[in-house]
Protein chains: 2
Amino acid sequence: MPHPIDLAHLASLIGDPARAMMLSRLMEGPARTAGELSRDARVSPQTASGHLAKLLSGGLLGVEAQGRHRYYRLAGPEVARALEALGLLVPLRAAPMSTPEPLRFARTCYDHLAGTLGVALAEGMERRGLLESSEEGFALTPPGAEFVAHWGVDVEALTRGRRAFAKRCLDWSERRAHIGGALGAALAERLFAMRWLARRTEGRGVRLTVEGRTGFERELGLSWP
Amino acid sequence: MPHPIDLAHLASLIGDPARAMMLSRLMEGPARTAGELSRDARVSPQTASGHLAKLLSGGLLGVEAQGRHRYYRLAGPEVARALEALGLLVPLRAAPMSTPEPLRFARTCYDHLAGTLGVALAEGMERRGLLESSEEGFALTPPGAEFVAHWGVDVEALTRGRRAFAKRCLDWSERRAHIGGALGAALAERLFAMRWLARRTEGRGVRLTVEGRTGFERELGLSWP
DNA sequence: GCGATGTTTCGGCCCATGCCGAAGCATCCC
DNA sequence: GGGATGCTTCGGCATGGGCCGAAACATCGC
C-alpha cells in the first residue's frame, strides 16, 4: 500500500475546486493552454499558474511549450482512470465522467475529427500508404495528397498557412492519435461539406451519414457495425 | 461529467493525511472502531471523530454501532476501487494498494482467517449444515459443534469467554463474510497447529499446506486449482 | 448507583494554502 | 526596436480547516 501521506498529497492536489475544474476539462482529451485553463477555472492567470505548477510537480499533468503558449495535458491514462473512478463516487446527480457513447464514436476536437471515427480515419489512411506518422506529426505521401485533393482539400494552401500541418492529436477515449492541425481541420470541413458527417444538434457529437458510411467503406475500406 | 466542485470536495476528503491513513487502514478489510482509527492516524480521539464524521457524510464510510464502540468501514466496493486507482498513481516506492495475490488467497485478519480460503471455509461449513448465519453473526449447529471439536476446538470454553462467539467479518478482497470472533480465532489456531496452514515468513500471508489441501477436500469437499 | 471506557460536541488557536496586484520574462507580430 | 500577448514569480492578505483541551453523552461492568 502506498504510504498514506502520498495518497493524501495526491488527493489534495485534486481536492481544490480550481484544480478539479482544470482536470475535468483536460479529461475531455485535447491539451489546453494555461490561459484557457485559467478561464475554465475562473481564476486569475497567476493563480492558475500556481495550480498548474502543483499539478505538474505532482505528476498529474504533462506540459509542452509551443511558442508563447504552454499546453497542459493529463500525464497519462492512469491519471484519467483514477479521476474517472473518483468521479463514479460523486452522487449521480450528473452523468458519469466517462466519455458518453455517442461522443466516443465521433466528435469534434476543436475543429477536427476525434473519437473512434477520427482514429479510424487516421489509421485507415496510414494503412493505405496515404499518410505517414512521425514524431512531430503526420505527413501526406504523394498518393495521400492526391487522395485528399479529390475530396476537395487544397493541400498547397494548407502548407502556406502558419498553422501546424497535421498534428498527432491524442484521442482520449481511444488512446490513439487522430489527425489535428490544418489538415485535420480541412478534412473535417470537407467531410461535413460532402455530407458524410453531420453535426448533432448540440454539443460536439458527430453523426456518420449513410453517404459517409458507404463512402468510407468504398474509399478506405472502413466499416462499422 | 460530475460537477467539478463535487469532485474537488470528494478528493479533499481523501486529501488529508489523517483521513488518508484511516482510509488506508480500512482498505485492509475489517471494520475498525473510532478509537483504533484515531490511533492509526496519530490524532486525538476528538480530531478523529471529526474526520470520521466528514468521511461519513461524504459517503466514503459506513458505520455500525456496537455497544460503546462504533465500527467504521468503507462504504462500498466503488470506494475501494477509487482509492486503489488513486493509489496506483503514487510513485511506486511501495507496493500498489490492491490486495496482492498471495494475500488475496489466504491471510490473517487479526487472529482469524481471511481471503478466498477464509470465505470458502465459512461457506463450506454453512453448505454442510455445520454453521448457521444470522444478523449478529455465525452460530454452530450441533453437528457443527461436533465437527470443530474433532479438530480440537473447545467450543464450551469459547462460549464462556467474553468475546463475541463468531462474528461475520466482511472480507474485503472477496466481498463476502468469513468467520471472526472467538470461533474464528480458535479455528485458525487449530488449523495452524494441525499444519494445514502455515504462516508466510513475513506479513499476514498464509499458505495452504499439502495436508491442508487434502484435509479440506476430504472433510468439507473444498478444493482449489 | 458509580467509575471506567469509548465517542462525540464545542470553542478557540493557528498554520497552510488559495487568492490577487504588481512586476518580470519570453514570444510573436508589425 | 516597440508594443501586445501569454505565462510565471513574488509578496502580502485573508480564510478555511485541522488540531487539541474541556466537557457532555453513552455504554459497560461492578
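Keep in mind that what you see is a predicted model, and the values were worked out from it rather than measured. In what follows, chains are A, B, ... by sequence order, proteins preceding strands, each numbered from 1.
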**Asked** Relative to the 5' end of DNA chain C, which residue comes earlier, B:R39 or B:A53, by the nucleotide with the nearest heavy atom?
**Response**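 Taking each residue's closest nucleotide, the earlier one in sequence belongs to B:R39.
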**Prompt:** With a non-hydrogen cut-off below 4.0 angstrom, is A:Y72 in contact with a base, only sugar-phosphate, or nothing?
**Reply:**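 Contact class for A:Y72: sugar-phosphate only.
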**Message:** What's A:S38 touching, base or sugar-phosphate or nothing? Going by heavy atoms closer than 4.0 Å.
**Reply:**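 Answer is nothing: A:S38 stays at 4.0 Å or more from every strand.
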What is the distance, rounded to the nearest whole Å, between atom [atom1] of [X] and atom [atom2] of [N]?
{"X": "B:K54", "N": "C:dT7", "atom1": "NZ", "atom2": "P", "value": "19 Å"}
{"X": "A:E36", "N": "D:dG6", "atom1": "CD", "atom2": "P", "value": "10 Å"}
{"X": "B:L37", "N": "C:dG6", "atom1": "CG", "atom2": "P", "value": "14 Å"}
{"X": "B:L13", "N": "D:dG18", "atom1": "CG", "atom2": "C1'", "value": "14 Å"}
{"X": "A:L61", "N": "D:dT8", "atom1": "CG", "atom2": "P", "value": "11 Å"}
{"X": "A:L56", "N": "D:dC7", "atom1": "CG", "atom2": "P", "value": "14 Å"}
{"X": "A:E64", "N": "D:dC7", "atom1": "CD", "atom2": "C1'", "value": "16 Å"}
{"X": "A:H69", "N": "D:dG6", "atom1": "NE2", "atom2": "P", "value": "6 Å"}

**Message:** Using OP1 and OP2 only, check whether a side-chain N or O of B:H51 sits under 4.0 Å from D:dC19.
**Reply:**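 Checking D:dC19 against B:H51, a side-chain N or O does come within under 4.0 Å of OP1 or OP2.
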**Asked** OP1, OP2 of C:dG6 versus side-chain N and O of B:R70: anything below 4.0 Å?
**Response**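 The answer is no; no side-chain N or O of B:R70 sits under 4.0 Å from OP1 or OP2.
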**Item:** Side chains of B:L191 and B:V206 in contact at under 4.5 Å (non-hydrogen atoms)
**Value:**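 They are not in side-chain contact.
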**Message:** I'd like to check A:L10 versus A:L60 (side-chain heavy atoms, cut-off strictly below 4.5 Å). Are they in contact?
**Reply:**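 Yes - at least one pair of side-chain heavy atoms lies under 4.5 Å apart.
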**Request:** Calculate, to the nearest 0.5 Å, the distance between atoms CZ and CD belonging to B:R73 and B:E64 respectively.
**Result:**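 Atom-to-atom, B:R73:CZ and B:E64:CD are 6.5 Å apart.
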**Request:** With rounding to the nearest 0.5 Å, note down the distance linking CD1 in A:I14 to CG in B:L7.
**Result:**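 The distance works out to 6.5 Å.
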**Request:** Identify which nucleotide among D:dC19, C:dT7, C:dG18 has an atom closest to any side-chain atom of B:T33, counting heavy atoms from C-beta outward.
**Result:**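 Closest nucleotide to the B:T33 side chain: C:dT7.
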Let me have the donor-acceptor pairs involving side chains of residues 49-59 of chain B, under 3.5 Å, with sequence neighbours excluded, atom names and distances please.
residue	atom	partner	partner atom	Å
B:H51	ND1	B:R19	NH1	3.1
B:S57	OG	B:K54	O	3.4

**Prompt:** Where is the tightest heavy-atom contact between A:L158 and A:L183, given as atom of each residue plus distance?
**Reply:**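 Closest heavy-atom pair between A:L158 and A:L183: CD1-CA, 3.8 Å.
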Which pairs would a plain distance check flag for residues 145-155 of chain A, meaning a side-chain donor or acceptor within less than 3.5 Å of a matching protein atom at least two apart in sequence or in another chain?
residue	atom	partner	partner atom	Å
A:H150	ND1	A:F147	O	2.9
A:H150	NE2	A:E219	OE1	3.3
A:W151	NE1	A:E219	OE1	2.8
A:D154	OD1	A:E156	N	3.4
A:D154	OD1	A:A157	N	3.2

**Prompt:** Can you give one letter per nucleotide of nucleotides 20-26 of chain C, 5' to 3': B if a protein heavy atom sits under 4.0 Å from the base, S if only from the sugar-phosphate, - if neither?
**Reply:** BBB----
